[in-house]
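Letters A, B, ... mirror the listed sequences (proteins, then strands); counts begin at 1.
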Amino acid sequence: MSLVLIVLASAITNNIALTYFLGMCPFIAISKSLRGAAGMGLAVTVVVVLTTVANYLAYYLILVPLRIEFLAFVVFITIIAGIVQMLEILVERYLPSLYGIFGIFLPLITVNCVILAVSLFMILREYSFWGTVAYSFGSGFGWMIAITAMAGLRKHLAFSAPVKNLGDAGITIVLAGLMALAFLGFQGMLA
Amino acid sequence: MTAFIVPLVVMNGFAVVIYALIMVLKTYVAAYGNCSLVVNGSRTFTVMGGTYLNKALFENKIYLPSACGGKGTCGFCKVRVTEGVSDPLPVEEILINYKDIRQGYRLSCQTKLRAGISIEIPEELLSIREYKGVVKSSNNVTRDIKRIGIRIDEPKEGLDFKSGQYLMFKVGEDETRAYSIASTERRADEVQIEVKLIPNGLGSSYLHSLTEGDELTFFGPYGQFYLRDTSHKVICVAGGVGLAPMKPIIFETLMKYPNRDVELYYGVRTFEDLYDHDLFIRLQANHPRFHYFPTLEQIGESAASAYPFTKGFVNKTLAENLTDGDRSEAYLCGPPLMINSSIQALLAKDVPEIRILYDKF
């Protein structure tokens with residue numbers, strides 16, 4: 001039951017994109033088309049789960065016993081970069097159709113703040129192993145919900161005429177703010 | 001002591017293990033074996049899988065045009081994939097229009113060969129060859145534009161090109177850059193280009209650094225931007241170093257067509273950026289069919305006393321001087337902003353859209 005709660009909390013009430021405002025660069029840049037947004041969201045979800053689990057193991061099996069937790073940042077970044085590269089090679093070789101959907105976004109993900117943030121939060125919040133799996137999946141999935149919802153909204157933006165000086169990115173930020181307010185409404189759901 | 005050693009060992013251990021894993025994957029998983037590559041249904045090559053289509057074609061002496069060096073930003077290297085087509089990538093959706101994507105057009109620099117593939121490319125691209133030459137002269141014509149004369153050593157029969165076409169110069173290991181042929185005199189064994197130095201530009205820095213006797217490699221000739229064989233008046237619109245392809249066009253028209261008029265609208269920023277000014281003044285004096293309209297954005301004192309320049313942008317000069325637009329054809333080369341505004345000016349003068357050719361850089 002608590003695992004379900006972690007997933008729901010990280011995906012909806014504490015949505016990583018809309019309450020922590022992490023991963024904003026791809027959130028704004030890739031949310032222009034629904035197909036691209038879904039691909040990016042899927043890629044983030046897959047990578048965040050894999051890297052957080054790997055980072056969990058590296059942290060608790062190697063760094064903590066040796067008492068060198070201060071290396072966490074460097075080790076996490078190295079692991080994230082390595083896993084993304086390996087995943088790209090594997091997906092391209094064995095799942096070409098999936099590669100067409102999210103493979104091209106994989107190199108971009110190495111620098112997505114969400115990935116590193118989830119690894120760091122998991123330590124701060126002292127989750128168990130399965131808690132970490134649930135938390136990372138929920139966060140990635142929540143980010144995917146946020147970016148696809150944003151892409152759906154921006155599609156309609158094409159037919160509206162926002163204030164000229166707000167431009168494309170400006171009105172997207174305003175939209176993100178409104179979405180964040182809406183997500184705030186979920187807070188009462190899981191107290 | 002261990003306080004230093006343990007973190008070092010752990011950190012490097014992680015890096016080494018991850019690097020080794022990636023290398024193993026690259027060697028065993030990313031190896032695709034040999035694939036067949038069929039070009040225009042007639043020529044079949046066996047190429048190593050995992051390479052990009054443009055590299056595979058290059059190794060088999062088919063030289064596709066490219067201005068970006070395979071980064072997927074220029075869109076020149078598009079080919080039609082008839083068999084083994086993959087889903088379009090977002091970059092391809094930007095550079096290729098929807099109808100062409102549906103017909104199988106893809107960028108060869110973004111297409112990775114994973115299995116057998118059949119492609120179609122225009123026949124004229126098959127006649128593009130590799131040339132080797134030696135720098136014969138290299139002179140500054142303005143503070144940042146150099147004119148480079150090249151003697152062609154290989155192949156022996158030299159270069160045959162259409163006026164206005166361009167060549168791709170090898171400027172690095174896998175990098176090529178496009179430069180228009182700027183020769184005023186047509187010779188098979190010699191060619192001239194004009195290169196504007198762009199700060200930190202790979203191609204222009206390399207070509208500017210060459211001195212007499214240096215060897216260089218190039219491919220060509222490329223381009224649909226060339227003088228058409230018609231009887232219309234020729235209007236050349238050039239901005240800055242965009243003057244280069246106009247020279248073969250102007251000279252060929254004057255030599256070959258006794259009844260075609262030529263007008264050159266040439267726009268630069270200041271008097272110091274203007275080059276070949278004397279050449280065109282002499283040409284105007286000797287050829288009643290040639291008219292020269294230089295335009296300067298800023299006119300200083302030295303410029304005002306040298307020639308009655310028009311001040312402003314080329315589209316203004318066009319609007320003021322162009323006549324018989326409906327019996328003209330236009331050739332434009334220069335920065336995108338200049339081209340777009342000039343096209344508007346030409347359309348306003350009734351030049352048919354189909355007879356407006358341009359080369360943006």
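By the 6.0 Å contact criterion, OH on B/Tyr206 is enclosed, its count of non-hydrogen atoms from other residues, nucleotides or ligands being greater than 12. Within a 6.0 Å radius of CD1 in B/Ile354, other residues, nucleotides and ligands contribute 12 heavy atoms or fewer. Counting non-hydrogen atoms of neighbouring residues, nucleotides and ligands closer than 6.0 angstrom, the NZ atom of B/Lys78 exceeds 12 such neighbours. Counting non-hydrogen atoms of neighbouring residues, nucleotides and ligands closer than 6.0 angstrom, the CZ atom of A/Phe129 exceeds 12 such neighbours. Counted within 6.0 Å of CG on A/Leu157, heavy atoms from surrounding residues, nucleotides or ligands total more than 12; the atom is thus considered enclosed. Taking a 6.0 Å sphere around CZ of A/Phe121, one finds it holds more than 12 heavy atoms contributed by other residues, nucleotides or ligands.
Within the 4.5 angstrom heavy-atom criterion, only side-chain atoms of B/Glu93, from C-beta onward, approach chain A. For chain B, the nearby part of A/Arg35 is the side chain; its heavy atoms alone come within less than 4.5 Å.
One finds the CZ atom of B/Phe14 at 13.5 Å from the CD1 atom of A/Ile77 (value rounded to the nearest 0.5 Å). The NZ atom of B/Lys26 lies 11.0 Å from the CE atom of A/Met86; values are rounded to the nearest 0.5 Å.
When all heavy atoms of B/Val10 and A/Ile68 are compared, the closest pair comes out as CG2-CD1, 3.6 Å.
Ranked by non-hydrogen atom pairs under 4.5 Å with chain B, the options A/Leu66, A/Thr78, A/Ile83, A/Val75 are led by A/Val75. The candidate from B/Val24, B/Ile22, B/Leu21, B/Val17 with the greatest count of non-hydrogen atom pairs under 4.5 Å with chain A is B/Ile22.
Counting only heavy atoms from C-beta outward, the side chains of B/Arg114 and A/Arg93 never approach each other to under 4.5 Å.
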